Amino acid sequence: MAGLSKITMKINTDASSLMFYTLVLLAISIPLSEFGMSISQFILLGIWIFQGNDAYMPQGFEKKSRLHRFFITIRNAAMTLPGKFRMLFNNPAAMVVVSLYLLHVAGTLYSSDLDYALKDLRIKLPLLSLPVILATTQGLSGGRFRRLMTFFTLAVFTGTLASIYVLLTKNVSDPRELSIFISHIRFSLTICFAIFILIYFLIRKKFKYKVYRYIIAAGILWFLLFLFILESITGIFITGLLTLIFLGYYIFTARGQLLRLSVAVLGILLTVASVYYFRSFVKDFTSASPVDISTLDKYTEFGTPYIHDTCAYGIENGQYVGLFLCPTELRHEWNKRSKLSYDGADKKGHELNYTLIRFLHSKGYRKDARGVRKLTDAEIRHIENGVANVDYLEKFNLRSRFEQIAMGYSNYIRHGDPNASSVMQRFEYWKTSIHIVKKHWLTGVGTGDLNDAFYKAYNETESKLQEDYRKRSHNQFLAIFIAFGVFGLAWFLFTLIYPALKLGKFSDYYYVVFFIIIFMSMLTEDTLETQAGATFFAFFNALLLFGRRRHSDGLAD
């Protein structure tokens, strides 16, 4: 009981402490719970409204009736709110951040689909509430800020453990299925941020015991490994970019010449290794070993003629996919083993015969009756599910992800079909976005009409994208351009850059890391179009701009 009493004594119930606890709840909810994100913001709003009420409490407040106390509390809240709004209006950086939400509100005035516009405004409410609350509340001390960032990192770690549990207990065919709380892209962004939070902790030696440093180093390695398990190209690229940026920074700022030289050599080695890897990879998908077709078998073992096609099916793993191809036998044998027609589509909507041919090629089998007979029942199911290469079934195989991109690109170039690769689909999204921008470049289509605009544009351009893949821009800048026109895009960029310049945050480590992560993600994702993305951006943007005291962590610390 004595121990419990000591713990209880440490839990402060003043408004500042309650605000901190709720900020922690919000931080750990971002990678783990959309419901937690929502409820923590409601709690924050309630604390913010009633914060400061005690300054107006009359004598004998506790002795008054419950109803009387309620009305006094409401009256006091009304008396404190004007001061908070004056604080907000006197903060130009905060007003600019808040104006991003007001831009979306203005966009509803010329939207024909008000239902979707209101839904969009609800999703983006954190863009309004969090900057207002954090800009008009006393900033966190250095200790509390570090604890909040520690809790966030632990929450991200917990999310990775949940993903590993899914990996070990379920049949996962797509790494995106590993992110069970939020989308895998948003989850990868939180992992990137967690990595560089831990790097800062490690370099600045915020923990006095060496064992903590070993734990932090292990955490960094784990997060890096998990990005490869998740096969997140976005997360890996952003992490690599940030690494190169900070290596360059230390080359110019490190005091010892030997240290500068070591960092420079490390950076060069990483760059050369990456270039060599991608060069060898691209070579495997752009050039094949010379083939003398006249020397190849002309018939299968059952006497059916082979086709040796070096054009239609492309190159994979340094070999032509279309060699030793016998469609007649493939059709006959496949239809005996599967309920899905050889001439139909697999469960991903791709041509099944193409999926089958590529899978047989990846196994090193000829594309004939014998090749189909060699397939196991499990492999037949994988082909039905749209798995076109046996390597795609391997876990922790990032190369297979690049292979899918390469084959998708090859298919897109040869046939104009973007459906086989999410990366190629993005090119189609961007092309369609530009088509819309050309027609609505001045004012945009409004907050609520993006879906209608894309639906019409896909039909107008006669896109080959299947209905299930016809999504929006997957680029936040294009999404803003489409919704609000050229002036809206200019203002959006202003809201991203001006507040940090005004407050000198581009010299702050945490803010620079966060800004690069968000900016790069916006190039390939509609980062603000989901609750998790909007909350992640709004929370850490407001926290790092307004939520810390001047002497808190940062490069100046």
Side-chain angles (χ1 to χ4, degrees), residues 162-180 183-184 228-232 300-302 304 312-314 316-317 319 321-408 410-411 417-425 465-469:
S163 297
I164 293 300
Y165 175 79
V166 171
L167 181 66
L168 297 177
T169 58
K170 295 183 179 180
N171 183 20
V172 178
S173 59
D174 188 335
R176 287 175 287 193
E177 298 173 12
L178 295 177
S179 183
I180 58 178
S183 77
H184 74 292
F228 285 89
I229 295 174
L230 195 61
E231 295 183 16
S232 172
T300 71
E301 64 179 280
F302 301 106
T304 311
Y313 294 93
E316 199 163 356
N317 296 330
Q319 297 177 330
V321 177
L323 300 181
F324 299 104
L325 176 61
C326 183
T328 303
E329 291 187 2
L330 285 178
R331 181 181 291 104
H332 181 264
E333 291 297 323
W334 174 264
N335 289 337
K336 286 168 56 178
R337 298 195 61 182
S338 173
K339 294 180 180 180
L340 297 185
S341 172
Y342 173 84
D343 298 299
D346 60 35
K347 293 181 180 179
K348 285 187 177 179
H350 306 148
E351 294 180 15
L352 192 143
N353 60 76
Y354 184 64
T355 304
L356 172 61
I357 290 168
R358 284 188 57 204
F359 194 93
L360 289 169
H361 176 79
S362 71
K363 293 283 292 184
Y365 299 162
R366 294 188 176 188
K367 298 85 180 176
D368 56 17
R370 181 63 64 189
V372 177
R373 291 176 183 177
K374 288 181 180 180
L375 295 173
T376 66
D377 290 340
E379 289 171 338
I380 293 292
R381 303 289 87 78
H382 289 313
I383 295 169
E384 290 175 339
N385 290 329
V387 178
N389 191 310
V390 69
D391 292 339
Y392 299 170
L393 299 172
E394 295 181 13
K395 295 179 173 65
F396 322 135
N397 186 0
L398 187 64
R399 181 179 175 85
S400 67
R401 179 79 174 111
F402 288 125
E403 288 176 356
Q404 293 178 57
I405 295 172
M407 287 305 298
S410 177
N411 196 44
D417 181 8
N419 294 289
S421 167
S422 61
V423 174
M424 296 307 108
Q425 289 165 21
L465 269 176
Q466 297 170 8
E467 290 290 337
D468 291 343
Y469 296 139

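When reading the values below, keep in mind they use all heavy atoms of this one structure, side chains included, and skip hydrogens, waters and symmetry mates. Since this is a predicted model, take the numbers as computed values, not measurements.
Within a 6.0 Å sphere centred on CD of E384, other residues, nucleotides and ligands contribute more than 12 heavy atoms. Atom CZ of F302 sits in a crowded spot, with more than 12 heavy atoms from other residues, nucleotides or ligands closer than 6.0 Å.
Distance OG/S338 to CG/L352: 6.5 Å, rounded to 0.5 Å. Here the straight-line distance linking atom CD of E231 with atom NE2 of H184 works out to 9.5 Å at 0.5 Å rounding. Atom CD1 of residue I383 and atom CG of residue N389 lie 11.0 Å apart, to the nearest 0.5 angstrom. Rounding to the nearest 0.5 Å gives a distance of 4.0 Å between CD1 of I164 and CD1 of I229. Note: R381 CZ to L375 CG = 10.5 Å, rounded to the nearest 0.5 Å.
For T355 (side chain) and E351 (main-chain N/O), a donor-acceptor pair under 3.5 Å exists by modelled atom type.
A 4.5 Å side-chain heavy-atom check between I357 and L325 finds at least one atom pair inside the cut-off. At a threshold of 4.5 Å between non-hydrogen side-chain atoms, the residues E301 and R370 count as touching. Within the 4.5 Å cutoff, the side chain of Y365 has no heavy atoms near those of the F359 side chain. For the pair I380/W334, a side-chain contact is recorded, criterion being any heavy-atom separation below 4.5 Å from C-beta on. Looking only at side-chain heavy atoms (C-beta outward), L356 and K367 stay at 4.5 Å or farther from each other.
Pairing each heavy atom of C326 with each of T304, the nearest pair is SG-CG2, 3.3 Å. The nearest pair of heavy atoms linking L340 to D346 is CD1-CA, 4.5 Å. Across T376 and R337, no two heavy atoms sit closer than the pair C-NH2, 3.7 Å. Of all heavy-atom pairs spanning D368 and T300, the tightest one is CB-CG2, 4.0 Å. Between E333 and R373, the shortest heavy-atom contact is OE2-NH2, 3.1 Å. The two residues A162 and I180 come nearest to each other via the heavy atoms CB-CD1, 4.0 Å.
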Give the C-alpha distance, both sets of side-chain angles, the deciding distance and a yes or no for salt bridge (charged side-chain N to carboxylate O under 4.0 Å, His left out) between K170 and E177. CA-CA 10 Å; K170 295 183 179 180; E177 298 173 12; over 6 Å; no
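Taking the ring axis of Y342 as reference, the NZ or CZ atom of R331 does not stay both within 45° of it and closer than 6.0 Å to the ring centre.
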